[in-house]
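Report on the following structure.
For clarity, every value in this text was computed on a predicted model and none was experimentally measured. In what follows, every chain begins at residue 1, and chains take the letters A, B, ... in the order their sequences are listed.
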Amino acid sequence: MDNIQILDTAFSAAEALAQFEARAAGAGAIVSFTGLVRPKSQAGEVTGLYLQAYSPLTETGIAAAAKDARRRWNLTALCIIHRVGDMVPGDAIVFVATASAHRRAAFEAADFLMDYLKTEAVFWKKETTPKGETWIEPRLEDYADRKRWSKAGT
Amino acid sequence: MDNIQILDTAFSAAEALAQFEARAAGAGAIVSFTGLVRPKSQAGEVTGLYLQAYSPLTETGIAAAAKDARRRWNLTALCIIHRVGDMVPGDAIVFVATASAHRRAAFEAADFLMDYLKTEAVFWKKETTPKGETWIEPRLEDYADRKRWSKAGT
Amino acid sequence: MVEILYFGRLMDVMGCSQERIALPDSVRDTDGLRRWLDAERILSGALLEPTVRIAVNDAIVPEPFAVSDGDSIAFLPPVGGG
Amino acid sequence: MVEILYFGRLMDVMGCSQERIALPDSVRDTDGLRRWLDAERILSGALLEPTVRIAVNDAIVPEPFAVSDGDSIAFLPPVGGG
């Protein structure tokens, strides 16, 4: 029941949630996360973002994280959609949705998957600002978030 | 920029997310939570759920929780929609969405608001199963979740 | 006369969600109201439970709280959340 | 011949995302490949950084890892997440 997609075209998070709800019938709690291209970064105004994946490593890594989430939490459905290619501010980069009987599992699993996607997922990201193009590597904060999970589960 | 609604008619979480996204323009992270009427409970098959509010206490309590969330986290937008009246399994009971520059604030604020809504919000809930009608009071688990926030913030 | 509101399971216990009552002179605060009404309706303590809170004129009050003619008084069992 | 893939900022450093190269006999593993290619292209260490990982035939490998004709070898700078 996992739905994992890498897309090179724009997608709507709201539509993804509508479809997920249909698949998650019977759940009591659905959490969604949408990551969007921000119009500003430390380097200034962002005019474009390029994301590169390395198939099939990107897909197998995400599938393994999804499997890990299912092992840790009792989920009735799970969805991960990730954009690659050229994007502009406001575009959805990533959408994660989790469904469970109770809200704690849904919240924690979505949080866990996002930490994976922000630090370990196999993507490279290039930001375009008036100052030029810059490859972005993870923030220290992202690594700290990810470490929260290292002692949970087995 | 807070959008707080108590509704006595069905609503679509996906549509609520679409509208929220439009209001949250510029955010990097959007978290949504949807609570749905589950088809089963401890008492068996659920055929109906009735929710009662006490206006204006219900509204002012939720508005105060929203204000508290904004004080604790840097949010660019916030939405809370809560159903009252008669519902059936699969219906959305509650929708919470939070938007922020970064994901941690959005996740934590949504989690915090849901803990408030599940334990302290002024609603009474009656479940109908083949065994009859039962008023539901909070689970101990819900109180424990809510307590997580008592030491955070001021 | 006061207006009394019952919420949640207390609606079922009282058989209504709302009523108007003339308070006897002996009832001057929420404690007196709880005791008098519970005895009057033979409820065996349903209105005396400490988890049942009281709102006067749409604000939850610390008890005992003075009540008088014209007040709207609500009996609130533990809230169930959404 | 081996196929070499460059990702992220290494695409810019190398000026391409992919190339085919005949490995000299002296290059038998990933350590040898990093050193030889970095020197050959005068990169001053861009391929020697320990944060740059290597995948051989689409699997990240513990290094040094043997490489030989027909392999697909990818240089992976730290991933940036989504």
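Heavy atoms closer than 4.5 Å to chain A are found in both the backbone and the side chain of B:Ala101. For a residue to count as touching a neighbouring chain, one of its non-hydrogen atoms must lie under 4.5 Å from one of that chain's; by this rule B:Ala97 does not touch chain A. Neither the backbone nor the side chain of B:Ala16 comes within less than 4.5 Å of any heavy atom of chain A. The parts of A:Ala110 that come within reach of chain B are both its backbone and its side chain, each placing non-hydrogen atoms under 4.5 angstrom from that chain. Both the backbone and the side chain of A:Ala29 come within contact range of chain B, with heavy atoms under 4.5 Å apart.
Note that OG1 of A:Thr98 is 9.0 Å distant from CZ of B:Phe33, once rounded to the nearest 0.5 Å. Taking NZ of A:Lys118 as the reference point, atom CZ of B:Arg104 lies at 11.5 Å (rounded to 0.5 Å). In this structure, A:Phe20 CZ and B:Thr34 OG1 are separated by 10.0 Å, a value rounded to the nearest 0.5 Å.
Using a 4.0 Å cut-off between a side-chain N of Lys or Arg and a carboxylate O of Asp or Glu, B:Asp111 and A:Arg103 do not qualify as a salt bridge.
Here B:Glu45 pairs with nothing under the side-chain hydrogen bond (donor to acceptor under 3.5 Å, both in side chains) rule; sequence neighbours left out.
The shortest distance between side-chain heavy atoms of A:Val31 and B:Ser32 does not fall below 4.5 Å.
Residue B:Ala14 comes nearest to A:Ala18 through the heavy atom pair CB-CB, 3.6 Å, listed as atom of the first residue, atom of the second, then distance.
Note: A:Phe107 and B:Phe107 fail the aromatic proximity criterion, with ring centroids not under 6.0 Å apart.
With chain B as partner, the option from A:Gly90, A:Pro89, A:Ala13 having the largest number of non-hydrogen pairs under 4.5 angstrom is A:Ala13.
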